[in-house]
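First the structure, in the form of structure tokens, and then the observations on it.
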Amino acid sequence: MNFENGSKSKKGLTRRQFLKGGTIAAVGLAAGGLMTGCESGSEKKKDSASKNESGGWSWETPPEPIPDSKIKETIESDIVIVGAGIAGVTAALRASEMGAKVTVIEKNDFPSSRGGHYGAWYTQAMKEAGVEPGDKYQIFRDWVKMCGNRCNEKIVWEYLDRSGEAFDWLINKSKGVLQFIPIDNRYRGPDYYEYPGTHIIAGEFEDNKNNLTPVVYYMWKKSEEQGVKYYFKTPAQQLVKDGGRVTAVIAKDKDGYKKFVGKKAVVLATGDIGGDPEMVKAYAGDVGQLPKTNMYTPVGLNTGDGHKMGMWAGGHMEMGPLPTMIHLIKYAWYCFGFLYVNTEGKRFMNEDTWIQAKSIRILTQPGNVDYAFSIFDSKYLDELKDQIEIAGGQFWDDMVRIGPWKPDTTKKTVEDAIKSGNGFRADTLEELADLIGVDKTNFINTVNKYNEMARAGEDTEFHKRKELLTTIEKPPFYALKFGPAMLVIPGGLEISENYEVVDDNKKPIPGLYAIGNVAGGRYGVDYPVCINGNSHGSAL
């Protein structure tokens, strides 16, 4: 999550850590390095460059150490994992499989899970389905470019080199209980190209009463079979350091404080900062504050607890602004690549681009709204048939398409949007303008101009590819209301290539690791969709 380099006061947090506004689809509450004699990073003086309106960020001053006299119980294991999201349960399953005694603490009632896409470079499932991987080196270049050159190249390469190995491990371990199915929904345009590697992971469990995703549910239960002990409703409060090494986590349940000692490691897997508006303001910049809605479950639960604990223990946030994962999931589930108009009835962008760009364009339109409208006519299914082959991707195509594109599936989704009030159909453009509530003159002029450019085969306004220019002239006419919601802010503590949290001198803090969305290094500025689902894939 962020920040430029800067000077550091004698005991204060660096400008890199707390520069105001410097930063841009889990669990735990925070504190760290809080024993007497901890090195720099455990005692933090307020930095004038980091002040918010009230005079400072709430986490700038670490809480007082929790004394031993308040500890009700001490639990020892080799590895303590803070957070039971996909990264945490994967780590627990793998570490216990390798012989470690593992404890997981989680502030929620049960593990957290969300989303449906899991991306890897090349897997056994892809081989069996005859899906060839993309050019690994080009994927890497696209990834780094989309992230503004802010990601840690070694961490990106580890994902590309080893994601298939991780998927195959779980494919073989689950032995058919989980089904890994490659899907074909990806953008195929000349720019922002998306590569094969996205999977859905299916599985049926009769006792999955909390409706967890199959992969998280399976790993949770399998890790328990292997001896992993989970403590739910037990939010982490502080890290404990001894001689510079992180040795334990203090957490609190209904009975009071418990100390969880990790003889080999403490692993932060607490998710992102999206549930803490103050941290979003501090680290996610203007873009992070634009979406009006956060829709990824568990909504509001991920409050940057691990980030805070890591900073109190001497770590710092990665260079910012922090990346945002913003997807078009709030209203209709399609936007296609037809004509887009804002709430003034005017076109505002080249519709042939990636989902992050579409989201941000909407959020910067007049009226401070979080939606726009996709406009097309009754020819849309015939036109989509050709477009899917040269464009497509999320919210243009079926989200979990396996095999050829099917017009009936798309038509049903459009009809469902109309029934829900997120889609509109009219016999005339004037009636459509009234239905969506835009200025009629602006709207008619916009459509007429777009039709002229489509007939001429040249977009002189936003320069969309001529292959994607289609007229809007055959009734009935359609509009889909579409718009973005924040999923997660996937960035955080700066880490080494071995996922060790590092201090201001880039030296690992012994005993402390960060994985998943609490860890930095994977991304920067934006979430790259070079392979859809790569955030879940890298958590695995």
Side-chain angles (χ1 to χ4, degrees), residues 183-194 328 331-341 345 347-355 358 372-420 422-433 435-436 438 443-482 532:
I183 64 172
D184 201 28
N185 168 20
R186 57 190 179 88
Y187 179 79
R188 291 173 167 84
D191 302 301
Y192 321 110
Y193 187 81
E194 295 169 8
L328 301 166
Y331 300 103
W333 275 74
Y334 281 139
C335 61
F336 306 126
F338 299 120
L339 167 67
Y340 297 166
V341 299
R347 189 181 182 208
F348 60 95
M349 68 177 297
N350 181 340
E351 299 87 355
D352 179 29
T353 187
W354 64 317
I355 54 178
K358 293 180 182 184
F373 298 97
S374 175
I375 310 299
F376 48 95
D377 68 10
S378 61
K379 310 185 305 297
Y380 77 99
L381 291 174
D382 291 332
E383 292 164 345
L384 282 172
K385 182 178 180 181
D386 296 328
Q387 291 182 4
I388 293 299
E389 298 304 315
I390 60 172
Q394 294 189 67
F395 311 104
W396 196 324
D397 192 357
D398 299 336
M399 292 295 288
V400 292
R401 177 162 64 86
I402 303 168
W405 176 78
K406 297 178 180 179
D408 290 347
T409 303
T410 298
K411 182 178 180 180
K412 182 181 184 305
T413 304
V414 171
E415 294 297 324
D416 287 345
I418 293 172
K419 292 176 184 177
S420 71
N422 291 319
F424 308 86
R425 179 169 46 212
D427 292 329
T428 69
L429 290 171
E430 289 81 4
E431 292 173 1
L432 190 63
L435 286 175
I436 64 177
V438 301
F443 182 69
I444 298 301
N445 289 340
T446 296
V447 174
N448 287 340
K449 181 176 181 180
Y450 189 79
N451 284 341
E452 291 173 4
M453 294 187 296
R455 294 188 188 101
E458 183 182 6
D459 179 1
T460 57
E461 190 174 26
F462 290 102
H463 308 283
K464 183 160 67 176
R465 284 183 285 161
K466 64 180 181 180
E467 297 89 348
L468 299 176
L469 292 172
T470 59
T471 59
I472 302 168
E473 57 186 357
K474 185 177 179 181
F477 302 101
Y478 294 82
L480 292 180
K481 180 181 181 180
F482 72 102
N532 284 312

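Each residue takes its place number in the sequence, starting with 1.
Side chain to side chain, Asn451 and Glu473 fail the donor-acceptor criterion of an N or O pair below 3.5 Å. Side-chain N/O atoms of Tyr334 and Asp398 include a donor and acceptor closer than 3.5 Å. No hydrogens or angles considered: nothing links the side chains of Tyr380 and Lys385 as a donor-acceptor pair under 3.5 Å.
Only one option out of Tyr340, Phe338, Trp333 pairs with Phe336 in a ring pair (Phe, Tyr, Trp, His ring centres under 6.0 Å); it is Phe338. For the pairing with Tyr450, the side-chain contact (heavy atoms from CB on, under 4.5 Å) check across Asn445, Val341, Ile472, Thr471 returns one residue only, Ile472.
Of the charged side-chain nitrogens involved, none lies within less than 4.0 Å of a carboxylate oxygen, so that Asp408 and Lys412 do not count as a salt-bridged pair. Ionic pairing of Lys358 and Asp352 is not present here: no N-O contact between side-chain nitrogen and carboxylate oxygen is shorter than 4.0 angstrom. Salt bridge Glu389/Arg188: absent, no basic N to carboxylate O contact under 4.0 Å. A salt bridge between Asp184 and Arg401 is present, with a side-chain N of the basic residue lying under 4.0 Å from a carboxylate O of the acidic one. Arg425 has a carboxylate O that lies under 4.0 Å from a charged side-chain N of Glu415, or vice versa, which qualifies the two as a salt bridge.
Between Phe373 and Phe424, the angle of the ring planes goes over 60°, which puts this pair in the perpendicular group of the 30/60° scheme.
Lys464 has its side chain out of reach of Thr353: every pair of non-hydrogen atoms, C-beta onward, lies at least 4.5 Å apart. Looking at heavy atoms from C-beta onward, Leu432 lies in side-chain contact with Ile375 at the 4.5 angstrom threshold. When side chains are defined from C-beta on, Lys449 counts as touching Glu461, because their heavy atoms get closer than 4.5 Å. Counting heavy atoms from C-beta outward, Val400 and Asn185 have side chains that stay 4.5 Å or more apart. Contact of the Cys335 side chain with the Glu351 side chain is not registered, since no non-hydrogen atoms from C-beta on lie closer than 4.5 Å. For the pair Lys481/Ile436, no side-chain contact is recorded, criterion being any heavy-atom separation below 4.5 Å from C-beta on.
Atom NZ of Lys406 has 12 or fewer neighbouring heavy atoms from other residues, nucleotides or ligands inside a 6.0 Å radius.
A distance below 6.0 Å separates the ring centres of Phe376 and Tyr478.
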